[in-house]
Amino acid sequence: MSQSIAADLTAVGHSQAIDMERVEEAVLKPLVNPAGWRFAAFAWLLAAVFATGLAAWAWQIHKCLGVTGLGVPIFWGTYIINFVWFIGISHAGTLISAILRITDAAWRRPFTRIAETITIASLPFAVTCVIVDLGRPDRLLNVLLYPHMTSPLLWDVCCITAYFITSCLYFYIALIPDFATCRDRLAGKVSGWKEKLYRWGAFGWKGTEAEVRVHRGFMTALSIVLLALVVSVHTNVGFVFGMTSKPGWHTAVIGPYFVIGAAFQGLGALSFFIVLVRRAFHLEWIIPEEGLQQLRKFFLALTCFWGYFTGAELLTTFYGQHTAEMAVFNAKWFGQYSVSFWAMIAGCFFIPFYLLVTGRKNIERNLLWAGFIGNIGMWLERYTIIVPSGSRPFLPWGIGHYALSMVEWAIFAAWVAGFFLVFFLFARVLPMLTIWEIEEA
Amino acid sequence: MKKYEISRRGFLRWTGLISGGVLLPKGVGARVLSPQDRPLPNLRSEQYKPSICGFCPASCMLDIRLVDGKPVGLGGHADHPIGRGALCPQGCAVLQEVFHPDRLRYPLARKSRGSAGWERISWGEARNLLRFKLETLLERRRPEALAVLAGPRKDLRRGILQRFAENFGTPHFWKWDWTPAQPPKDAFKRMHGFSKGIFYDLSNAGLLVSFGWDWLQAFPSPVEAQRAFGRLRGGRRSRIIQIEPRLSISAAKSDEWIGARGGSEGAVALAVAHVMIREGLYDRDFVGGRTEGFEAYRKIVDEYSPARSARLAGIPEERIVALAREMAGSKPSLAVTSRTTVFDQIAVHSLNVLTGSIGVPGGVLAVQDPSSAPPASFLSRGAGGKGAASIVSWEQIPEAALSGRESPIGVLWVDGVNPAFSSPQPSQWRAALERIPFIVSFSPIMSETSEFADLVLPTHEALEAPQDASLVDAEGRRVDSFVPAVMPSLYDTADLGDFVLELARDIGGRVSRGLPWKNYGEALGDHAAKRGWKQGMLVGGGWSSAPSPVLALGRKKCRMSHEELARPDVAIEEPGRGLDLHVQFPLAFFQAEGAQLPYLHGLNGIRGAKLGDGWETTVDLHPETARRLQIEDGSAVWVESDAGRIQARARVCEGVREDTISMPVGLGHTAMGRYAKGVGSNPADIIPREFSFAGRALWRAQGVKVYAV
Amino acid sequence: MPSEKPSKTRKEFIVGAAAAVAAAAAAWAKISPGKKTASSPAKSAPERRGHRWGMVIDLDRCTGCQACGVACSVECNMMLGTPEEASLGRVIRWLKILPETTIRDGRVRQSLKPMLCQQCDDPPCVHVCPVSATFLSPEGIVGQVYARCIGCRYCVNACPYTCKFFNWDEPQWPQDVRMPFNPDVSVRYKGIVEKCLFCHHRLQRAKDKAREENRELREGDYTVACQTVCPTQAIAFGDLNDPKSDVAKLAASPRARRLLEELGAEPKVIYLQEVS
């Protein structure tokens, strides 16, 4: 075993010499091998957590939002935080794939599929967060029946719908050649439904030159569209807050800030999963360390961007000295929310910054932790944007308090579990690396 | 030239228009999206009927909206002289009382003493049971063992009840009068010789100085107090000064708040008098011609130098001096206070004498009090109670019942009031009630007092029966009002008037002869005839109002020297001995009633710091006090006095003295239905039983401790 | 084929887009002619014809007695609430007193403001509603369609006055308590947002009555519950567009202020500040 890894590692040194046969075999191995008991247990555990959350949601639908810890004046809480957070995670895929595909960064090649899977796995949970947050989810269709286009929430609906559809399309189109590979290589080795899936999914792909040309063209076009959507989606998510006059929300920087935050967070999620997949499926020789180093630099750049935007926003608020804004500012810096605020600053900036700067040697470990902590930091960031502004209304109605209720925790855990579950199931069914892109190299 | 600006609305509309134009055909969009008025339901019948609010003796007239015969809304009756279309918060909540889910639906008798078991009985059985107890008293020649605590309403039913008590032969008949919402009647009585019919002409005052009376929250007639305030603020805008240890509503609405210690009001008033006399600022003509005992008064006042009083009150000396000069300089200036210690009452009221504000508009006036009792022809037959009352005031019933081997009260008749909640240290009341052999309580809801009764009899709610009221309004007019029933009674309840008249007939003898009417209706006819009501009033309701003859208060010489002034009821404590407990009386819980009405719960005083405070009992602490005691804003604390301890939520605010804490009365019920029970705590629990020279309970506690739970 | 004449296509697109923008701009200009110049409570939007309902609250007269709040609760079938709900701020009262303690020159002052929906002319809550459930009526009342609201609470967040309310739970009224409910006012249920509607049902009834009597709506026909019970007559209500009305006259007072005026929501509840 150790010998084979050593051999793999030598192979990494000569990336040119990567044997596509071996790559395909390694990438497709998880699709063929039956899942071990550990995986099964883990999956069942996640499923159980998810089911609990669904039950909690059912209870919440029955009782209405009174079962949450929300109240006046904090009207939005965990669900909206999670919505923004999951949208942020979803930015992993599109960002890496689209930006890097457009710029044709070579090191992206092994990462794209994982990135896109993260997007596809997280977006449904993001969208359902908003539905969970509704007082009347049964009236969801009113959004289509009585659309009121001045509402940033409706802009969001449009953007996210477009984003989701395009992402699915993008994900699928990128999969077609790999489906064909699966179809060809795994015939007879996997169960019937998988075979059928690969056959149907391949869409009669033969790999002719014409096919390849159309495919590449389509991918490039979609990348560009997606890039626009990525920016629009998170800008609009920011606008949902920024378009109100609420202290702490009403700032011009909030759109770009949300985009940068999401990119940072998405990259964090990607780093985390890349390292996980690399380890779990022993793909160290296909996902070379150089690629991780590039990822680290990119991640580091975004960390700095995040710090820059945060600093700009805080300094502007502080210099403005607007009474209502300062109430929120002070609550974050010194008051009620100082713990989450400073934890956010540490989690989004200082810790990832340190890990990434010093990460040249322990690249895997540092990337994993930076991604993980960055994501927790970003959850806290959403929290410190949404909750403190709620707790300090313009008029002296008093200070609001908000603590997550059991139902909120259950749904929170369920959605995270659901996301992981979907991701891992995908990893068992679909090749986690984009074989055709690696081949291309 | 039109000017175009980009407004947010314009921008949004613009973007909306473009996007909307893309997404929806325009016409369809407009039709679907712009909401249409939902037509209101067709009402088969809608009418407005007058009624009289039964919550407090002010007797405001209501305007009840009935749809299909069911009351569904209300307002104040626009023309009635008391309310003039306005209402107080309690009055607005009348319908919640009528339709309270925990209203008693039929008469209840306790199965046995000490048990909580009740059984339904008929009204006839209830009457027989009570008759038997009363006849036993008559047989034993102990009519004085009947004690009647009547509700505060000024109406014929209370008149009948009073007549009943007098003909029965007991001197122990009291109308429940809640001292925090009363003018200084004890001072009036001592200084002018009488107190009935004396009133403050608030709305015409040139300067209003309130000594410790949160009069906007606790005034005999709340709506009239608010209206008087409105009039003081309109037009020439008279100045208002509030002297109180806490920034109460009255203090917040005044022009100047002087945060003197609670209980030092009398000392401050005497210091003001001291300055007036020293500087020769008082009305010499008035004092010279129409008072007696001024020299003795002056000697007492000499002891209260501004410096001494300022020390006692914890306020700057200059403020007292300035106050004296301002009071002497503004005419008419009016010094008001509530019915606290006799010392404080006399000290404050003497300022009205010194400024000559007696018997002048904007000062203290008096009218002949129209007795609300039944017609004179009938009164003459009543013999009245025999002998002197052995109990000074109803507030001392517990002391009387608990002293000695046997309770001097054999039968206690409680009419719609709840002293076992709304008196200082109600535990004493509960102990006393357990000792009294027989208690009958008339109450629409099972109250704390009713829980100790042997008979609990639900009478009609105000809307379910004809109502009358005869009183003098805040401007000195005699107002007689009458309304017929607005709706049939919902449950097996009875009319108190009918019940008493039937009971009297059953008992027979002198009691029966004294109350010759068959029922309330008949008595009312008699009453109306004697009062000269127009016939139409009895049919559809209405009122008659006429200026009452003004009594020249100053004609009889006003006594200024009093023993109570030389020797206060309660020694004025030197500052520095622990915390004072100041009790507030929120208007929503006027007379400490109203917690059973959910719409009133959030109105438990006005709070600033935290949301939802109104639903629990808070204790106001000055930030400095809180820091010293290491108590955080919003934390749960114990408040402990010699009489006990209660829990409350700390509220740190600047509007209270550093040596004082303040709590609102109204919550903390252990009965009174589902909405009141178990919400908050009752500060009365920790008010020690202390009485003024007039035998009235004092709402104050000193040396109080506050500590975290 | 399009690749043959790319420039023309692009040009067409630009021309088309410009035309669309111009048309939209024209439409916009038509909708809001010269709106919002210097605005003071007294003279805002005199151009708009018809009624413009507004309220003036004289804080110098108001004693914070809260009769208005209870009258509102009774008139509009308000939820009852429990202490637990109160501790989370979930008890809905369309009108309540907002107290504010300030210390100026060492003197402690407390102001008491009756707070209800400020009925903005440019309501932030309306703009953000995704389903047109809240809207500005032609007579200036900000309405709420309970049957349409999806409970996203965006409008509640957008309201700078915190005067919109969400039903966190199904309101509980025992059958008895429901008996005296006002048949003119819909009973709200869980999961939706509600707000003060300036007793809109009373306006409808007043209009019906005026129509029956074949006359125009007169001042005093349309009153609101809070105003009628106010013992100090601190609340005036009426048509701000009618220069002879009490509200219009009071709104011209030098003491007239609107809350958070700097936000530009143009509220139609005007406060006359305390004299001190």
Side-chain angles (χ1 to χ4, degrees), chain A residues 61-77 80 130-131 133-157 239-241 243-247 249-250 322 324 386 389-390 393-398 400-403, chain C residues 84-93 96 98-102 111 113 115 118 124-135 145-171 189-193 259-260 262-265:
Chain A
I61 289 173
H62 174 63
K63 295 294 284 184
C64 197
L65 290 167
V67 298
T68 65
L70 296 166
V72 178
I74 300 173
F75 307 105
W76 280 348
I80 295 292
V130 181
I131 300 172
D133 187 62
L134 292 184
R136 304 292 309 203
D138 51 317
R139 295 181 179 171
L140 187 63
L141 270 186
N142 281 7
V143 174
L144 301 179
L145 293 175
Y146 311 104
H148 187 237
M149 289 311 299
T150 61
S151 170
L153 215 52
L154 210 62
W155 307 348
D156 249 10
V157 171
F239 280 176
V240 167
F241 304 100
M243 293 297 157
T244 69
S245 57
K246 230 181 177 62
W249 289 4
H250 186 59
H322 191 289
I386 291 168
S389 286
F394 271 113
L395 297 173
W397 284 116
H401 295 272
Y402 171 60
Chain C
E84 295 73 42
E85 286 173 308
S87 67
L88 289 159
R90 288 179 182 171
V91 178
I92 298 172
R93 295 290 179 261
K96 49 189 172 190
L98 173 65
E100 189 173 8
T101 308
T102 48
S111 78
K113 284 189 203 78
M115 284 294 295
Q118 303 285 300
C125 61
V126 167
H127 301 316
V128 299
C129 177
V131 294
S132 321
T134 183
F135 63 100
V145 190
Y146 305 134
R148 200 180 275 183
C149 176
I150 57 170
C152 69
R153 308 189 298 297
Y154 197 1
C155 60
V156 184
N157 260 320
C159 175
Y161 305 99
T162 325
C163 281
K164 293 195 87 173
F165 306 93
F166 180 71
N167 283 278
W168 298 95
D169 299 284
E170 186 73 51
Y189 37 85
K190 69 178 181 186
I192 57 156
V193 169
L259 291 183
L260 302 175
E262 66 276 16
L263 297 179

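Letters A, B, ... mirror the listed sequences (proteins, then strands); counts begin at 1. Please read all numbers here as calculations on a predicted model, not as lab measurements. Just so it is clear, the values below take in all heavy atoms, side chains as well, and ignore hydrogens, waters and symmetry mates.
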| Within the distance-only criterion (no hydrogens, no angle test), does the side chain of A:W155 pair as donor or acceptor with the backbone N or O of A:M149 below 3.5 angstrom? | yes

| task | With a 4.5 angstrom heavy-atom cut-off, could you sort out which part of A:K246 is near chain C: side chain, backbone, both or neither? | result | side chain

| How long is the gap from CD1 on A:I74 to CD1 on A:I386, to the nearest 0.5 Å? | 11.5 Å

| request: Counting only heavy atoms closer than 4.5 Å, note whether A:T68 contacts chain C via side chain, backbone, both or neither. | output: both

| Interatomic spacing from NZ in C:K164 to CG in C:N157 - rounded to 0.5 Å | 11.5 Å

| Quick one: does NZ or CZ of C:R153 land under 6.0 Å from the six-membered ring centre of A:F75, within 45 degrees of the ring axis? | no

| Heavy-atom contact with chain C under 4.5 Å, split by part of A:L141 | neither

| field | Set of residues satisfying salt bridge (Lys or Arg N to Asp or Glu O under 4.0 Å) with respect to C:R93, sequence neighbours excluded | value | none

| query | Non-hydrogen atoms of chain A under 4.5 Å away: do they reach the side chain of C:Y154, the backbone, both or neither? | reply | both

| field | Interface moiety of C:Y189 toward chain A, non-hydrogen atoms closer than 4.5 Å | value | side chain

| said: Which atoms of A:Y402 are under 4.5 Å from chain C, going by heavy atoms: the side chain, the backbone, both sets, or neither? | reply: neither

| said: Counting heavy-atom pairs under 4.5 Å with chain C, which one of A:L65, A:V157, A:D156 comes out on top? | reply: A:L65

| field | Proximity breakdown for A:V240 and chain C, heavy-atom pairs closer than 4.5 Å | value | both

| Interface residue of largest heavy-atom contact number with chain A, from C:L260, C:V156, C:I150, under 4.5 Å | C:I150

| field | Between A:L153, A:L154, A:T244, the one whose heavy-atom pairs under 4.5 Å with chain C are most numerous | value | A:L153

| task | Mind checking the NE2-NE2 spacing from A:H250 to A:H322? Nearest 0.5 Å is all I need. | result | 9.5 Å

| note | Assert top hit (heavy-atom pairs under 4.5 Å, partner chain C, pool A:L395, A:V67, A:V130) equals A:L395

| Using a cut-off of under 4.5 Å for heavy-atom pairs, which of C:L259, C:V126, C:V91 has the most such pairs with chain A? | C:V126

| said: Counting heavy-atom pairs under 4.5 Å with chain A, which one of C:T162, C:V193, C:I192 comes out on top? | reply: C:T162

| query | Looking at residues at least two apart in the chain, or sitting in another chain, which of them share a side-chain contact (heavy atoms from CB on, under 4.5 Å) with A:L140? | reply | A:I131, A:L134

| side-chain contact (heavy atoms from CB on, under 4.5 Å) assessment of A:W397 paired with C:L98 | CA-CA 7 Å; A:W397 284 116; C:L98 173 65; 3.6 Å; yes

| task | Just give me the residue among A:D133, A:L70, A:D138, A:V143 that pairs up with chain C most often, heavy atom to heavy atom, under 4.5 Å. | result | A:L70

| said: Minimum heavy-atom separation for A:W76 and A:I80, please, with both atom names. | reply: CG-CG1, 3.7 Å

